[in-house]
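A note on names: the letters A, B, ... follow the listed sequences, proteins ahead of strands, and every chain is numbered from 1. Every heavy atom of this structure was used, including side-chain atoms; hydrogens, water molecules and symmetry mates were not.
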Amino acid sequence: MDLASAICPSISSLSAKMPTKRITVALNTNQSQRAPLLLPLTLSRNPADRESCRALVIKTAQTKLKFRKGSRIFVFRDGRELLQEQDWLDALRDDVILLVSAGEGYVGVRKEPTPEDGPVPSPDCSIHVLAKNALVDSQSIAQIENTVRTLPGLVHACGQPDLHPGSKYPIGAVFVSKRWIHPPLIGGDIGCGMSWYRTTLKRSQVDDDKGKKVGEKLHGLEGPWRSQTEREAWLTEGHESHSAGAEWDESLGTIGAGNHFAEIQVVEQGSSALLENEVILLVHSGSRGYGGDILKRYTSASQDSLHEDDEKAKAYMKEHDRACNWAKCNRDLIALRFLSCLEPGEDAWALGQNKCQVDSDMSIADVKKTLQQRKVVDIWHNNVERTRWPPRSPECIDIQQATSLALSSDAPTIVPGDDTNKPLNILPLPGSRGTPTLILRPRFTASTKFGLDNALSLAHGAGRSMSRANAYLAMTNRWGKAERLTVPTSVLFQRPHAKDGSDIRGGTWVICDEKQLVFEEAPEAYKDVYRVAEDLVRADVAEVLGWCRPRVSYKVRNEGR
DNA sequence: ATGTTC
């Protein structure tokens, strides 16, 4: 194409049409308030004239946006403030956005990011840190600030009192994100969470040194559970299969490493949901290798965030949901395997054993159903939850209404009225091993703007106070042999204690054949769970209903395969 | 956290 033909069409269209510009007038302080305006270029460019371009823009703000104080005009362009009166006139073109101000300076880009913009950071994101008592280091705060500075769509961030540094993004932080999903904020263990189950054991069977005997019953819990056909059946709920394929399903029913565990606890101080002296099982595990595989497939060095309109985001969410369901089935299967050791006479749990021939009057679905009757609570703390934002008072919650906000979480999210489990009125707040697990009840009151402050979430444990590397160093120095850390003599029950200050009922037997994990997960490598709870209570996001004493904490056993 | 990871 030669130069003349490229220029000619624009000249002819100019002369043929009425010379106007199709622009948008918006408020400088609230850009969601906007009105269209067809601005005739025949109007005077002199602001002193009564019928000038400027006068029409100001008048549009007055009549259409009910903004009477308009005295300055900015052009929404490159986030730059154009001070000279003529500047915005020179920048006029179709689709330009003019910002009307009452005299205040340019307040910056407030439009919602779109996929075309690519990821842009979230400068207007509020940050609320709940920790006052609990130790919080500057690195995790810096990680929250850095996350808000670099990821798009974030509108609110909450540092829970168990906050501590992760490799890049913090742990114990919750991010509320509009339109954007950030798989790395969830991390690899998608669907990780905790569940509590009742057992028929009496406290007399686990008190004092009998905890050791109960621990010795726990065998056959390592390695794959039964056949792939049976695993797939366990992963089937109604007509839906949560199978992740044979490779990943092989680890279904296994606890994993890190801070994952299954623990036999006694309720020392109960609530209506957990009665005093009950012996219960707490399972903390996730989606094992599967969630990490998902993270790997949906992120790259150049991409941490997916816009919700992107097909990739929809595909991620589908797999995310599958991993969450897989993880929940995993916790249930871990519980079944434990119950088969703890209650050997119970027919329903026979399926939990690998070796036993199951004289199956009971289908896998029936066994699962029986197990659900034992389940008190099951809560995810590594997931994306869609929720209305900002939260409404609980009386106004309409579960049926579609919501358009995503909540990326590193802590359990308790949406009021959520029906994923039983009525969600209690949650576990585990310390580490020898320290108590507190029973929490979430609160949603006007004082927290009905869960806005805490991003509808609660801390999911005591939170590390030492990195794994530091804990290993400090604990090997302090304890020497790992065995000294696996017996109840090292228990750390500072509070509450018996009237004479002693703790006659004893602490926790730890089954952990990985020496490094024994040291890394030592109670002293964690924050004080009571301080964490105090912060939640002070912030009015939870109350403490009671506490449980862990008696046997199962991590991993070398079954000598 | 993890069929890591060379």
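- Residues forming a salt bridge (Lys or Arg N to Asp or Glu O under 4.0 Å) with A:Glu543 (at least two apart in sequence, or on another chain): A:Arg441.
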Enumerate donor-acceptor pairs with a distance under 3.5 Å from any side-chain N or O in residues 509-516 of chain A to protein atoms, sequence neighbours excluded.
| unit_1 | atom_1 | unit_2 | atom_2 | d |
| --- | --- | --- | --- | --- |
| A:Asp513 | OD2 | A:Asn558 | N | 2.6 |
| A:Gln516 | NE2 | A:Glu520 | OE2 | 2.9 |

Distances for protein N or O near nucleotides 2-6 of chain B N or O, under 3.5 Å:
| unit_1 | atom_1 | unit_2 | atom_2 | d |
| --- | --- | --- | --- | --- |
| B:dT2 | OP1 | A:Arg288 | NH1 | 2.8 |
| B:dT2 | OP2 | A:Ala257 | N | 2.5 |
| B:dT2 | OP2 | A:Ala257 | O | 3.4 |
| B:dG3 | OP1 | A:Gly289 | N | 3.4 |
| B:dG3 | OP2 | A:Arg288 | NH1 | 2.9 |
| B:dG3 | O6 | A:Glu247 | O | 2.9 |
| B:dG3 | N1 | A:Glu247 | O | 3.0 |

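- With sequence neighbours excluded, no residue satisfies salt bridge (Lys or Arg N to Asp or Glu O under 4.0 Å) with A:Arg231.
- With sequence neighbours excluded, no residue forms a salt bridge (Lys or Arg N to Asp or Glu O under 4.0 Å) with A:Arg149.
- Taking the salt bridge (Lys or Arg N to Asp or Glu O under 4.0 Å) definition, one finds that A:Arg337 meets it with nothing, sequence neighbours left out.
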